[in-house]
Amino acid sequence: MDKFEIIGKKLEHKGKIVDFYTMDVKVPNGNIAEWDLIEHKGAAAVVPVDDEGKILMVRQYRGAIDDMMLEIPAGGRDSVEEDFKICAARELEEETGYRSENIRHLINVNTAAAYTSELIAVYYAEDLIPSRQRLDENEFVNIERYTIGEIEKMIYSGEITDAKTIAGVLAYKNLLKK
């Protein structure tokens, strides 16, 4: 494939979670294209599985779609240096009130590589240990439990549209088949 070259990158807005840039990219035909870029420090998500084999899900409001969304627990890394697994363990406990000493990597997901650098490392957690939910001051979630079959039906009916949840749950289902 011919070479693409980033020849300029200008910060347009520094946000609390993401930074917005305009990039000038030299494309293979020699033209200079202007592309938008949203830089993100990365995130981790976790498929928490209880002793009955049910997956703990969180239902929470998502402002970008102005609706409630059912998804696996997840959150952004505190810094680009933070280990993804540590982030996943923290988010598991903060959002669900459970922790686990048995957290394993499943899959990585680039959420929208056309315009954002966000990478979500997805894990699964078994042997859940009751702890204490530690939601942020402005975070409100409901915990729900579903079988993989129930989640699959919600995925294919369009009720669950969250990419990290779809990738994580289907990757976990595939892991169980092996």
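Please read these numbers as outputs of a predicted model, since none were measured by experiment.
- Closest heavy-atom contact between I17 and K41: O-NZ, 4.5 Å.
- The only member of E34, E5, K10, K9 that meets side-chain contact (heavy atoms from CB on, under 4.5 Å) when paired with D24 is E34.
- I55 approaches V49 most closely through the heavy-atom pair CG1-CG2, 4.3 Å.
- In this view, K177 satisfies the side-chain hydrogen bond (donor to acceptor under 3.5 Å, both in side chains) rule with no residue, not counting sequence neighbours.
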Sequence neighbours left out, cut at 3.5 Å: what donor-acceptor pairs do the side chains of residues 106-113 make with other protein atoms?
from: N108; atom 1: OD1; to: H105; atom 2: NE2; distance (Å): 2.8
from: T111; atom 1: OG1; to: E118; atom 2: OE1; distance (Å): 2.8

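- Remark: Y115 OH is loosely packed, at most 12 non-hydrogen atoms of other residues, nucleotides or ligands lying under 6.0 Å away.
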Without placing hydrogens or testing angles, list every side-chain donor-acceptor pair under 3.5 Å for residues 121-128, not counting sequence neighbours.
from: Y123; atom 1: OH; to: K85; atom 2: N; distance (Å): 3.2
from: E126; atom 1: OE2; to: Y172; atom 2: OH; distance (Å): 2.9
from: D127; atom 1: OD2; to: N102; atom 2: ND2; distance (Å): 3.0

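- Atom CD1 of I32 has more than 12 heavy atoms from other residues, nucleotides or ligands within 6.0 Å.
- No salt bridge links E52 with R145; every basic N to acidic carboxylate O contact stays at or beyond 4.0 Å.
- Counting non-hydrogen atoms of other residues, nucleotides and ligands closer than 6.0 Å to CG of N31 gives a total above 12.
- A salt bridge links R90 to D78: at least one charged side-chain nitrogen sits closer than 4.0 Å to a carboxylate oxygen.
- For I72 against A45, the heavy-atom pair with the smallest separation is CD1-CB, 3.7 Å.
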